Each structure stands twice: as structure tokens, then as C-alpha cells.
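Here the structure is a predicted model, which means the values were calculated and not measured.
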Protein chains: 2
Amino acid sequence: MTQAQTDPQPRKMSRDTRRAQLIEATIETLALRGYARTTLTEVARTAGLSHGLVNFHFDTKEKLLSETLALLAEEYRLNWQAYLERAGADPAAQLAALLLADFDPAICTPARLSAWCSFWGEAQSRPLYQAQCGANDAAYNACIAEICGQLLEQGRYEGDPARVARVLRVTIQGVWLDMITTTPDYTIEEGLATIHACAAAFFPRHFCAAGLIP
Amino acid sequence: MTQAQTDPQPRKMSRDTRRAQLIEATIETLALRGYARTTLTEVARTAGLSHGLVNFHFDTKEKLLSETLALLAEEYRLNWQAYLERAGADPAAQLAALLLADFDPAICTPARLSAWCSFWGEAQSRPLYQAQCGANDAAYNACIAEICGQLLEQGRYEGDPARVARVLRVTIQGVWLDMITTTPDYTIEEGLATIHACAAAFFPRHFCAAGLIP
DNA sequence: AGATTTTGACTGGTCTGTCAATCAAAAACG
DNA sequence: CGTTTTTGATTGACAGACCAGTCAAAATCT
């Protein structure tokens with residue numbers, strides 16, 4: 001977060017450090033003010049820097065926003081892939097890991113959720129969204145569909161893998177949206193419970209309201 | 001849609017007609033350009049009018065957007081309540097009606113979905129969203145939770161009514177988001193099939209992939 | 001000293017909201 | 001019924017504010 005205002009920050013920092021700092025400030029500003037009122041001056045002030053620096057490091061506002069979205073997409077991808085890797089080979093455990101991943105406290109913060117929502121809401125940024133997230137989204141979809149397919153087969157459940165996978169995915173997205181738009185007090189636990197209820201409906205012998213059945 | 005540009009529109013029209021016309025143009029503009037790039041001039045041009053008229057009829061841009069959201073919220077509420085009324089007293093039929101309602105071609109248009117998304121994404125408009133939609137959302141939630149409760153009991157299903165209801169609701173929202181953000185070609189039928197798959201998972205003796213079981 | 005980062009004033013452009021003038025329909029009048 | 005007046009919708013030019021991007025100068029580092 002901002003160590004702004006009263007800081008004797010080292011004047012010169014590595015390019016990457018400054019860029020990361022500005023991107024983080026962009027996420028915060030998107031969350032706090034929304035896409036429409038996110039100005040370079042506001043981003044710079046949140047980072048405790050002057051607005052000229054934004055153009056120095058990113059050339060244009062568009063590139064700043066583009067790289068912000070790229071960062072969000074990349075950290076999202078790394079997160080679920082890490083969870084998946086730790087889950088082993090069992091499809092039920094893999095699915096449980098994927099569901100947990102999206103509620104990891106590093107990913108599922110108010111600021112990041114709001115920032116995502118800002119990008120979704122901005123029609124202008126939809127081609128940008130496709131460019132930055134299309135490949136990742138496709139990989140995620142293929143992955144969760146594959147896992148659901150295995151689990152359906154293993155548990156002799158009925159259902160179309162692609163549709164079950166899509167329900168799980170959009171339920172997560174819908175819960176995310178809920179966490180942003182509804183009045184405060186929607187905890188990560190409640191979000192997880194909702195998605196686990198959904199998983200339990202499709203895979204009652206593998207999931208319950210509390211999550212994966214051991 | 002716009003009969004703009006080449007029109008010999010009657011010069012004087014009723015206040016309400018013009019206001020409705022401008023609100024419709026606002027929805028289109030939000031969908032096409034996003035919240036951030038929605039300007040009064042653009043709205044007016046879409047409506048085939050001069051931009052001075054917007055301020056004449058709505059005073060400020062903020063009020064225009066506020067009334068646009070109010071219209072969306074109201075037509076949404078009227079729609080699901082009408083579906084519900086036609087459904088009779090059976091909870092399964094009521095739930096089927098609620099699910100269908102959100103994919104009614106009058107509600108579920110690209111422009112309207114995008115406009116909703118614009119409002120969700122704009123942090124600034126979140127208090128406005130609560131003010132305009134909070135009561136409606138609460139009524140909807142209470143309604144679908146009640147119906148799910150009845151259906152759970154009637155069918156001797158297991159599950160928490162509030163959570164089942166929330167899964168269904170956020171799945172609809174998630175599908176809506178999908179229909180906007182993913183590359184084209186996501187039909188209403190596919191959306192309905194997804195939500196029906198979800199309902200079938202919770203209520204397998206009442207719903208199947210094709211919808212309500214007769 | 002030379003290289004690089006950082007600042008903040010400045011510019012050109014865009015947007016919102018205002019307003020005086022215009023215009024068409026309705027009302028009042030002869 | 002034709003003419004004039006009134007009403008109120010409509011227009012487009014304009015002012016004030018704000019913002020992205022530029023740049024010369026300053027600060028800092030090597």
C-alpha cells in the first residue's frame with residue numbers, strides 16, 4: 001500500500017520496482033474511484049510520486065492500464081496453477097484446490113476484485129481484456145472442464161463436463177461480483193461456502209458444504 | 001433504436017417521451033463506449049438530438065445516469081414479477097419462471113447487459129447502485145430463497161435454502177457476465193442450459209438439462 | 001562529470017453545464 | 001377562420017474545469 005506523503009523514499013529505484021509500485025497504485029485507484037475517475041495524477045499521488053513519472057515509466061495511460069490488467073491476469077494464473085500443482089493427481093482434490101485458489105487472500109482482496117470489475121465494466125477495454133486474458137481464460141476453462149470430466153467419470157455422476165465446469169466458474173465469478181457490489185460484510189468464508197454448496201450439488205459423494213470430503 | 005440522423009422528428013414531444021428516448025440512448029452508449037467514455041454529446045447524438053437537451057431534461061449527467069439505472073432496475077423487477085405471477089403456486093414452476101425471466105429477450109439484450117456491467121464496474125456508482133437496486137435486490141433474494149426453501153422441503157432435498165438460492169442467483173449473474181465479456185456467440189439458449197444444469201444439480205427430480213421436468 | 005530519474009509547470013484537447021437565440025406548437029385574440 | 005401572442009422545447013456557441021502528455025530544469029546516483 002501507499003507509504004506516500006511523508007516519505008523520504010530513496011530517490012532512485014529500479015525500473016521494475018517503480019513500475020510495480022505504480023501498477024499497485026493503479027489497482028487501488030481503480031478500486032477506490034472506478035475506471036472513469038482514475039487519473040494519472042490520482043495514481044501518482046496514491047503511489048506518493050509525481051504524475052510525470054507515470055508517463056516516464058509507461059508512456060501512456062493506456063499502457064499503464066494494459067500492464068495493470070496483465071499483472072492481474074498473470075498473478076491469477078500463477079495462483080491457480082500453484083494450487084493445482086500442490087493438489088496431486090486426484091480430480092476431487094484438484095477441483096477443491098481450484099475452488100480454494102480463487103479465494104486465496106492474496107487474490108481475493110477488495111481492491112483486486114474491484115479492479116477486475118472495472119475492467120469488465122469498461123466496454124472499451126474488452127478487446128484489451130481478450131488480448132490479456134483470453135489465453136489464460138481458455139487454459140483455465142480447459143483445465144477445470146478436464147477435471148470435472150474426470151470426476152464425473154470417476155464418481156459415475158451424470159452431466160456434461162463443459163457445463164458443470166462452466167457453472168462452477170461463473171458461480172465463482174458471480175460470488176466475486178457479489179462481494180464487491182453488495183453492502184459490506186461478505187466474507188471469504190461465506191463465498192467459499194457458496195461455491196462448495198455448488199460443488200456438493202454436482203458431486204455429492206466428493207463434496208459437502210464444508211468442502212472436500214476426505 | 002435510434003431513428004436518428006435523417007429524421008424529421010416532431011419538434012415538440014412530451015417530456016416523458018424525450019426522457020425515455022435519452023435514457024435509451026444512454027443505455028446504448030454505455031454498452032458501446034463504456035462508462036468512462038459516455039459523454040453527453042455522444043448520448044445526444046445517439047438519440048438524434050443536441051447535447052443541450054440532455055441538461056435541459058436531466059439537469060446533470062449524474063442524474064441522467066441515475067435515472068438510467070433506475071429504469072433498468074425497475075424493468076428488471078417488473079419482468080421477474082410478471083413471470084412469477086404467471087407461474088402459479090407450484091415452487092418448481094415458480095423457480096423455472098424466475099430462471100426464464102432473466103433470459104427474456106426484452107431484458108437479456110447485449111446493450112442492457114453491458115449497461116448493467118458498466119454500473120457494476122464503476123466504483124463511484126456503487127452507492128448509487130445500492131440506492132437504486134438495494135431494495136429490489138433484497139426482494140428478489142427473499143423471493144428466490146423462499147421458493148428454494150419450499151422446493152427443498154417438497155422434494156426432500158438437502159441444503160440451505162439461502163445458499164442454494166444464492167448459487168442460482170450468482171450463476172445467472174455469472175452467465176450474464178460471460179455473455180458480455182467472452183468473445184461473441186454465446187446464445188440465450190446456452191445461457192439457459194447452463195442455469196438449468198445448475199438447477200438440475202440441486203433439484204434433480206424437478207429439473208433436467210432442458211429445464212423444468214413436467 | 002555524465003547518466004538517469006524525478007518534478008511540476010505548461011499545452012492542447014475534451015467534457016460538462018450555461019445561456020441567449022431560435023423555432024414550432026398551442027392559446028388567445030380579432 | 002386567420003392572425004398574433006405566449007409557451008416551452010431545442011439548438012449551438014461558449015466558459016470553466018479537468019486531464020493526458022510534453023518538456024526543460026532539478027535532483028540524485030554512479
Notebook entry, point to check: What does A:L53 touch in the nucleic acid at a heavy-atom separation under 4.0 angstrom: a base, only the sugar-phosphate, or nothing?
Noted result: base
Next item on the list: Specify the separation, in whole Å, of atom CG of B:L22 and atom C1' of D:dA9.
Entry: 12 Å
Item checked: Identified side-chain hydrogen bond (donor to acceptor under 3.5 Å, both in side chains) partner of B:D102 from the options B:Y76, B:W176, B:W80, B:Y83 -> B:Y76
Notebook entry, point to check: Rounding to a whole Å, what distance do you find between A:L49:CG and D:dT28:P?
Noted result: 14 Å
Next item on the list: With sequence neighbours excluded, tell me which residues meet salt bridge (Lys or Arg N to Asp or Glu O under 4.0 Å) with B:E62.
Entry: none
Item checked: Separation of D:dG8 P from B:R15 CZ (nearest whole Å) -> 9 Å
Notebook entry, point to check: What is the distance from CG of B:L65 to C1' of C:dC15, rounded to the nearest Å?
Noted result: 14 Å
Notebook entry, point to check: Can you list every pair that meets salt bridge (charged side-chain N to carboxylate O under 4.0 Å, His left out) and has a residue in residues 72-81 of chain B, with sequence neighbours left out?
Noted result: B:E74-B:R77, B:E75-B:R112
Check: Under 4.0 Å between a side-chain N/O of A:R18 and OP1 or OP2 of C:dT6, yes or no?
Finding: yes
Notebook entry, point to check: In whole angstrom, what separates B:K61's NZ from C:dT16's C1'?
Noted result: 8 Å
Item checked: Set of salt bridge (Lys or Arg N to Asp or Glu O under 4.0 Å) partners for B:R33, sequence neighbours left out -> none
Checklist line | Partner residues of A:D178 under the salt bridge (Lys or Arg N to Asp or Glu O under 4.0 Å) criterion, sequence neighbours left out | finding: B:R169
Item checked: Nearest-Å distance for atom pair CD/P, residues B:E62 and C:dG17 -> 9 Å
Note to self: Please classify the nucleic acid contact of B:S50 as base, sugar-phosphate, or nothing, using heavy-atom distances under 4.0 Å.
What the structure shows: base
Notebook entry, point to check: What integer distance in Å separates A:L40:CG from C:dG8:P?
Noted result: 16 Å
Kindly give the atom pairs (protein nitrogen or oxygen, nucleotide nitrogen or oxygen) under 3.5 Å for nucleotides 22-25 of chain D.
none

Item checked: d(CZ, A:R33; P, D:dC18) in whole Å -> 11 Å
Notebook entry, point to check: Any chance the side chains of B:E146 and B:Q150 put a donor and an acceptor closer than 3.5 Å?
Noted result: yes
Note to self: Going by salt bridge (Lys or Arg N to Asp or Glu O under 4.0 Å), name the residues that satisfy it together with B:D104, two or more places apart in sequence or in a different chain.
What the structure shows: none
